[in-house]
Q: 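Here it is, the structure in full.
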Amino acid sequence: MEKTQANIRAKELRDILNEANRRYYVENDPVMSDYDFDMLLKELEAIEAQYPELITEDSPTQKVGSDISPKVFMAAGKTKSKEFEQHPHKYPMLSLGNTYDISEVEAFAERAAKGIGNAFTYSCELKFDGTAICLTYKGGKLFRALTRGDGTIGDDVTENVRHISNIPQKLTTPAGFIPTKDNPQPWPEEFEIRGEIYMPWAAFDRLNEEREKDEEQPFANPRNAASGSLKLIDSSQVANRGLECTLYHMLGEDLPFTTHEEALDNASKWGLPVSDKRRICKSIEEIEEFITYWDTERKTLPFATDGIVIKVNELPYQEELGYTAKFPRWAVAYKFKAEQALTRLVSIDYQVGRTGAVTPVANLEPVQLSGTIVKRASLHNADQMQLLDIHVGDYVYVEKGGEIIPKITGVELSMRPSDAVLPHFPETCPDCGTHLIKDEEEAKAFCPNQTGCPTQIKGKLVHFLSRKAMNVIAGDATVDQLYNKGYVWSVADFYDLEKEHLLTLEGWKERSAERFLKSLKDSLKTPFEKVLYALGIRHVGETTAKTLAAHFKTLDAIMKASREELLQADDIGEVIADSIIEYFADDANRDTIDRLKAAGLKFESEAAAEKESEILKGMTIVISGNFSISRDEMKALITANGGKNSGSVSGKTTYLLAGEKAGPEKLKKAESLGVRVISEKEFMEEILRFAQNDSGEAQNDKVKVQNDESTSLQGGEATGETDEFTGTLF
């Protein structure tokens with residue numbers, strides 16, 4: 001390839017790979033398989049080897065993919081993301097060189113032997129398909145947990161990691177250990193141990209089943225599910241995700257070990273989760289034997305693996321071989337190819353969900369794939385069917401790429417039978433016959449008959465009773481019985497049920513009826529955010545319901561909110577805002593709400609904000625942009641200190657509190673109206689200063705803020721009667 005062409009192709013590859021890295025690490029939404037990514041990376045490496053002058057700092061060959069959350073605040077030498085603090089790694093946290101070719105493993109072994117020049121061994125281990133983690137222990141206690149980040153800085157996810165059951169908060173002293181003056185504890189005073197946090201198959205399947213019931217996008221694979229779960233803002237939710245950890249590399253000053261194997265054996269004795277599926281190998285033949293064994297046996301494991309890691313076992317030799325800018329020279333990863341199966345597409349069903357979304361599902365001739373029998377696979381939507389050019393009767397490739405849920409990846413056109421039938425996505429609902437609608441911006445088609453489509457009605461009823469919603473002891477079978485009898489059509493009908501109704505149902509006895517009614521009564525204690533989620537408003541999942549409840553505090557406030565006011569809440573976009581407005585504009589839904597209120601459900605948040613001070617009394621503040629805390633938390637802080645939040649800048653606005661990426665229109669309007677713009681740093685410093693003074697001599701009721709221009713917050717002073725607090729507040 002000529003240099004001009006190479007330069008064009010290198011730039012193209014950098015753009016593709018950097019975007020793929022961002023989608024993979026930051027958004028947990030991969031756009032290509034690991035294999036395709038690695039092949040493109042190898043192509044870029046070959047170009048850069050031929051023309052080293054084309055190497056750039058941002059080339060993915062020169063750096064690891066970054067999972068750091070976007071930075072939105074920097075102060076006092078600390079960098080914060082919107083959700084997590086960030087800290088530097090004491091030792092760079094690099095990636096591994098990947099290969100799918102056993103000859104490249106042989107080449108790695110030859111390079112290592114040549115570089116070392118003495119006899120040595122290899123540690124061969126399973127490569128877990130999860131998200132990298134670095135744990136620091138001090139004095140035998142978990143001190144900090146960082147993600148890989150960009151290799152030099154990682155997100156601090158310590159509080160979330162404390163909710164992963166097999167990661168010890170405190171190390172265990174091995175039986176028989178006798179402390180001495182020189183050796184008071186069995187572990188180093190401080191060390192790092194790195195590994196992988198992953199989601200076992202059972203937890204992954206359970207989570208995706210819940211997401212599909214809620215008509216949320218399922219996670220593509222366990223790695224994405226694990227990474228997304230580790231970055232949950234509410235750390236208590238992490239415990240419910242079923243995450244596990246395996247550790248595989250220890251670092252520290254003057255570690256008392258000579259081999260990698262010895263370090264892991266000791267870590268295991270201290271209670272740290274170390275894999276027992278590793279082997280010390282002395283030759284390339286033994287390495288290949290280990291790879292061949294696990295390429296088959298991995299399909300029986302309860303978690304996803306995507307390869308084998310081969311490391312030089314002796315620690316002094318690891319140090320001697322050293323590192324490249326991106327990889328250690330003493331280790332390599334051999335990656336398994338995704339398992340594929342070829343089977344016949346028998347038919348396509350079109351399933352209606354509780355929000356009306358119609359999903360095509362392929363019925364397949366049963367085929368063995370990654371340890372399970374696959375009979376069905378999602379085709380997602382009409383666009384995907386068209387892209388595959390799929391016909392009923394085709395032989396299709398089914399894959400668990402990276403061990404994901406079954407999906408059809410292609411059609412074997414050479415085997416297409418002459419009688420194969422091109423499927424046509426239905427124009428009407430397969431359940432109620434209503435004409436389907438499809439927004440230009442959405443891939444899925446929907447049945448709009450929300451109050452008359454039986455599948456949607458029953459789906460909403462099941463969702464309302466579900467564990468994450470009202471948590472009533474019931475399931476699909478109970479809903480079917482109640483619906484078929486005509487007892488329940490709306491979720492409000494549940495609270496009109498009496499024992500006599502239930503005893504008419506097949507198989508129901510006194511005790512089962514009483515348990516169900518008690519469960520309904522107990523559901524009246526369900527907190528507001530869960531009740532809001534239970535209503536089943538399209539696009540309002542569990543997290544969005546919590547956001548809305550925290551922001552608006554009451555259902556009445558949500559119902560009265562304008563589109564602009566809804567958009568002011570954290571992470572509420574136009575699609576969600578429009579869906580909420582559409583839901584509450586429906587008379588049937590409003591009637592249901594009235595009946596649920598009468599039944600005694602909670603439609604108001606119990607977390608009423610307590611006033612911390614009156615320092616902002618009489619002020620109207622508009623916030624815009626990103627802050628070190630969520631916008632809802634910022635608004636709560638303003639309210640707690642006596643201020644009033646507004647969604648738009650006007651002549652009555654006291655200040656525009658501008659964070660990173662503040663809206664240009666609001667900034668422009670503030671300037672035109674003469675409204676002062678203040679930064680988060682100014683705001684936080686003065687709130688903190690007031691709080692510190694208030695905890696000393698000053699008291700809230702002793703701070704007097706004048707309203708005239710000379711002593712107002714626009715540039716004057718605030719003077720307390722007995723304190724020394726004097727200065728410009730913003």
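Just so we're clear, the structure is a prediction, and the values are computed from it rather than from any experiment. Along the sequence shown, residues carry numbers from 1.
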Q: Walk me through whether R563 and I581 qualify under side chain to side chain contact (heavy atoms under 4.5 Å, CB included).
A: CA-CA 7 Å; R563 189 174 190 265; I581 290 172; 3.6 Å; yes

Q: Yes or no on salt bridge (charged side-chain N to carboxylate O under 4.0 Å, His left out) for K668 and E665, after CA distance, side-chain angles and deciding distance?
A: CA-CA 5 Å; K668 186 177 178 181; E665 291 301 318; 5.4 Å; no

Q: Between V161 and A145, which heavy-atom pair has the shortest distance, and what is it?
A: CG2-CB, 3.6 Å

Q: Are the side chain of Q481 and the backbone of E506 linked by a donor-acceptor contact shorter than 3.5 Å?
A: yes

Q: Does the side chain of I572 reach to within under 4.5 Å of the side chain of H551, using non-hydrogen atoms?
A: no

Q: Tell me every residue that passes ring-ring contact (aromatic ring centres under 6.0 Å, His included) with F494, counting only those two or more places apart in sequence or in another chain.
A: none

Q: Roughly how far, to the nearest 0.5 Å, is CE of M559 from OH of Y583?
A: 9.0 Å

Q: So, does D431 use its side chain to make a donor-acceptor pair with the main chain of T455 at under 3.5 Å?
A: yes

Q: Report the residues that fulfil side-chain contact (heavy atoms from CB on, under 4.5 Å) with T478, sequence neighbours left out, ordered by chain and then residue number.
A: A474, L482, W508, F516

Q: Rounded at 0.5 Å granularity, tell me how far NZ in K460 sits from CD1 in I537.
A: 11.0 Å

Q: Are V491 and T592 close enough that some pair of their side-chain heavy atoms sits under 4.5 Å apart?
A: yes

Q: Can you find a pair of side-chain heavy atoms, one from V352 and one from C429, that are under 4.5 Å apart?
A: yes

Q: Roughly how far apart are H539 NE2 and E582 CD, rounded to 0.5 Å?
A: 9.0 Å

Q: Rounded to the nearest 0.5 Å, what separates atom OG in S523 from atom NZ in K530?
A: 12.0 Å

Q: Locate the shortest heavy-atom distance separating S229 from N160; write the atom from each residue and the value.
A: O-ND2, 4.5 Å

Q: Using side chain to side chain contact (heavy atoms under 4.5 Å, CB included), reason through V157 and V238 one step at a time and then give a plain yes or no.
A: CA-CA 11 Å; V157 290; V238 178; over 6 Å; no

Q: side-chain contact (heavy atoms from CB on, under 4.5 Å) with V649: which of L673, V677, L667?
A: L673

Q: Mind checking what makes salt bridge (Lys or Arg N to Asp or Glu O under 4.0 Å) contact with K518, not counting sequence neighbours?
A: D522

Q: Go through the steps for K669 and T653 under the test side chain to side chain contact (heavy atoms under 4.5 Å, CB included), then give the verdict.
A: CA-CA 11 Å; K669 191 167 184 181; T653 303; over 6 Å; no

Q: Any Lys/Arg nitrogen of R206 or E209 sitting under 4.0 Å from an Asp/Glu carboxylate oxygen of the other?
A: no

Q: Atom CE in M199, atom CG in L207: separation rounded to 0.5 Å?
A: 5.0 Å

Q: Sequence neighbours excluded, which residues qualify as ring-ring contact (aromatic ring centres under 6.0 Å, His included) partners of Y483?
A: W489

Q: Of all the heavy-atom pairs spanning V479 and L461, show the shortest one and how long it is.
A: CG1-CB, 3.8 Å

Q: Looking only at heavy atoms, which two atoms of K444 and K438 are closest? And how far apart?
A: O-CG, 3.7 Å

Q: Any salt bridge between E210 and R467, counting N to O under 4.0 Å?
A: yes

Q: Kindly indicate, with the supporting measurements, whether the criterion side chain to side chain contact (heavy atoms under 4.5 Å, CB included) is fulfilled by R676 and Y655.
A: CA-CA 5 Å; R676 188 177 172 196; Y655 296 105; 3.8 Å; yes

Q: Starting at CD1 of I623, measure out to CD of E680 and round the result to the nearest 0.5 Å.
A: 9.5 Å

Q: So, using side-chain contact (heavy atoms from CB on, under 4.5 Å) as the criterion, who are the partners of E500 when residues are at least two apart?
A: E498

Q: Compile the donor-acceptor pairs under 3.5 Å between side chains in residues 593-603 and protein atoms, sequence neighbours left out, one pair per line.
A:
{"unit_1": "R595", "atom_1": "NH1", "unit_2": "D493", "atom_2": "OD1", "d": "3.1"}
{"unit_1": "R595", "atom_1": "NH2", "unit_2": "D493", "atom_2": "OD1", "d": "2.8"}
{"unit_1": "R595", "atom_1": "NH2", "unit_2": "D496", "atom_2": "OD2", "d": "2.6"}
{"unit_1": "K597", "atom_1": "NZ", "unit_2": "D556", "atom_2": "OD1", "d": "2.7"}
{"unit_1": "K602", "atom_1": "NZ", "unit_2": "E606", "atom_2": "OE2", "d": "2.5"}

Q: So F425 and P360, do their side chains get closer than 4.5 Å, heavy atoms only?
A: yes

Q: Where do L497 and L517 come nearest, in terms of heavy atoms and distance?
A: O-CD2, 3.8 Å

Q: Would you indicate whether E574, at its atom CD, is surrounded by more than 12 heavy atoms from other residues, nucleotides or ligands within a distance under 6.0 Å?
A: no

Q: Determine the minimum heavy-atom distance between Q456 and C447, stating which atoms define it.
A: NE2-O, 3.1 Å

Q: Treating D349 as the side-chain partner and Q351 as the backbone partner, does any N or O pair qualify as donor plus acceptor under 3.5 Å?
A: no

Q: Determine whether a donor-acceptor pair (N or O, by modelled atom type, separation under 3.5 Å) exists between the side chain of T504 and the backbone of H501.
A: yes

Q: For residues Y533 and H463, determine if any side-chain heavy atom of one lies less than 4.5 Å from a side-chain heavy atom of the other.
A: yes

Q: Is any side-chain heavy atom of L656 closer than 4.5 Å to one of S624?
A: yes

